[in-house]
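Heads up, the thing below is written out as structure tokens.
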Amino acid sequence: MTDPVEIFEVGPRDGLQNEPGEISTAQKVELIECLTRAGFSRIEIASFVSPKWVPQMADSAQVLAGVTRAPGVRYAALTPNLKGYQDALVAQVDEIAVFASASEGFSKANVNASIADSIERFKPILKAARQIDLPVRGYVSCVTDCPFDGPTPPEQAAEVADRLFGLGCYEISLGDTLGQATPDSVARLLLAVKDRVPVGRLAGHFHDTGGRALANIDVSLALGVRVFDAAIGGLGGCPYAPGASGNVATEAVDAHLKRMGFDTGLDADVLAKAAALAKGLRTSPKS
Ligand code: HMG
Ligand code: MG
């Protein structure tokens, strides 16, 4: 029996939040429905953040309303505060994610708050979500490097991961937001985080700016991580992390894992179709 590894698809959110061109709700829905056919269990498709901060996600409610939901698939959205949580609930999201940073510089740039204040905002979200059994994922950004503060001490990332896990996030996604991590820095990070959060509750979220995302996945696999975030077609980046490019491409991670003998449960032919759709969106002219 082959060992399962899950790819958590983030392209429709992490990818499309950073595309400068005009992408219609219908185009997003078409991409998400193609991804659904590829066999994912979890797809992040929306973000209930301020439309002034991330205009690309302003149609999140319409996207959630437009997608034909498949049984067994959880459609997720980011929620930075209680307002975002309430809007996500109205849109009948299946799962939400809160997002903190391991570095103060990125926290301020991304959510206009210190790490501690951003975590305070999450407390009422987690409390409310627990009452209705809504799964909440936790992101920690800039886990090895920050565009403003430089290298992140592993203990600092482990502390934020531990706090989100302690608040009730069912899984902690460790974000190399800048794509500057190396196998060595990822190993140091994971050794620190694994002391605080069980490795079975961790996910790797690698942007591929430095071209090392697959090597970083390899070291994470060796240390026991079995969930990886990826974006179809390598879409994306983060609008508040200067220089960050797209997430590692889902189709590349899928092929890499299968070559190593892992079972992702994904249909490579459908992934190729979704990647072509995603790349078509990427070339959309700025309007
Ligand atoms: P702020 O300006 O400090 O907030 O932004 P505020 O509370 O003063 O509100 C300002 C305005 O925003 C108000 O409207 C609010 O109503 C509105 P106004 O009175 O001016 O008309 N507002 C909202 N509107 C819609 N939905 C909301 C919401 N909240 C307030 N939820 C805030 C603080 C957190 C809102 C802002 O900084 C923000 O939205 N930041 C999000 C940035 C973002 O989305 N970044 C990308 C996602 S994170 C990422 O990509 C990293 C990740 O992939 C992992 C990795 O790679 O590391 C997850
Ligand atoms: Mg990201």
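FYI, side chains are in, hydrogens and waters are out, and symmetry mates aren't considered; it's all heavy atoms of this structure. Ligands are counted one by one from 1 in listed order, and the atoms in each one are counted from 1 as well. Residue numbers count from 1 along this sequence.
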Per-atom contacts of ligand 1 with [X], taking only distances under 4.0 Å to non-hydrogen atoms:
X: Arg121; value: 34 (C)
X: Phe99; value: 48 (S)
X: Lys52; value: 14 (O), 18 (P), 20 (O), 21 (O)
X: His207; value: 56 (O)
X: Leu78; value: 47 (C)
X: Gly84; value: 31 (N)
X: Pro51; value: 24 (N), 25 (C)
X: Asn112; value: 1 (P), 3 (O)

Is [X] touching ligand 1 with its side chain, its backbone, both, or neither, if touching means heavy atoms under 4.0 Å apart?
X: Met57; answer: neither
X: Lys108; answer: neither
X: Arg137; answer: neither

Heavy-atom proximity to [atom], best of [options]:
atom: atom 35 (C) of ligand 1; options: Asp87, Asn81, Asp14; value: Asn81
atom: atom 40 (N) of ligand 1; options: Val49, Asn110, Asp176, Asp117; value: Asn110
atom: atom 43 (C) of ligand 1; options: Val111, Leu178, Leu174, Val54; value: Val54
atom: atom 36 (C) of ligand 1; options: Trp53, Phe48, Tyr139, Phe206; value: Trp53
atom: atom 54 (C) of ligand 1; options: Gly175, Ala113, Ser141, Ser50; value: Ser141

Separation between CG of Asp184 and CZ of Arg212, rounded to the nearest 0.5 Å |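 Between atom CG of Asp184 and atom CZ of Arg212 there are 10.5 Å.
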
Could you give the distance from CZ (Phe228) to CZ (Phe262), rounded to the nearest 0.5 Å?
->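 Spacing of CZ (Phe228) from CZ (Phe262) equals 8.0 Å.
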
Within a strict 4.5 Å, meaning less than it, do heavy atoms of the [X] and [Y] side chains meet?
X: Thr177; Y: Phe106; value: yes
X: Ile32; Y: Val63; value: yes
X: Asp218; Y: His256; value: yes
X: Phe206; Y: Leu214; value: no
X: Ser220; Y: Leu190; value: yes

Determine, for [X] against [Y], whether the closest basic-nitrogen to carboxylate-oxygen distance falls under 4.0 angstrom.
X: Asp269; Y: Lys273; result: no
X: Asp117; Y: Lys108; result: no
X: Asp263; Y: Lys258; result: no

Got an N/O contact under 3.5 Å between Phe106 and ligand 1?
->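 For ligand 1, there is no N or O atom that lies under 3.5 Å from one belonging to Phe106.
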
Under the 3.5 angstrom rule, does the side chain of Arg201 hit a backbone N or O of Tyr170 as a donor-acceptor pair?
-> yes

Taking the Mg ion (ligand 2) as the vertex, measure the angle between atom OD2 in Asp14 and atom NE2 in His207; round to 10°.
-> 100°

Shared ILVMFWY cluster between Phe148 and Val111, side chains joined below 4.5 angstrom?
-> yes

From Asp229, does some N, O or S atom reach closer than 2.8 Å to the Mg ion (ligand 2)?
->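 For Asp229, the answer is no, given that no N, O or S atom comes within less than 2.8 Å of the Mg ion (ligand 2).
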
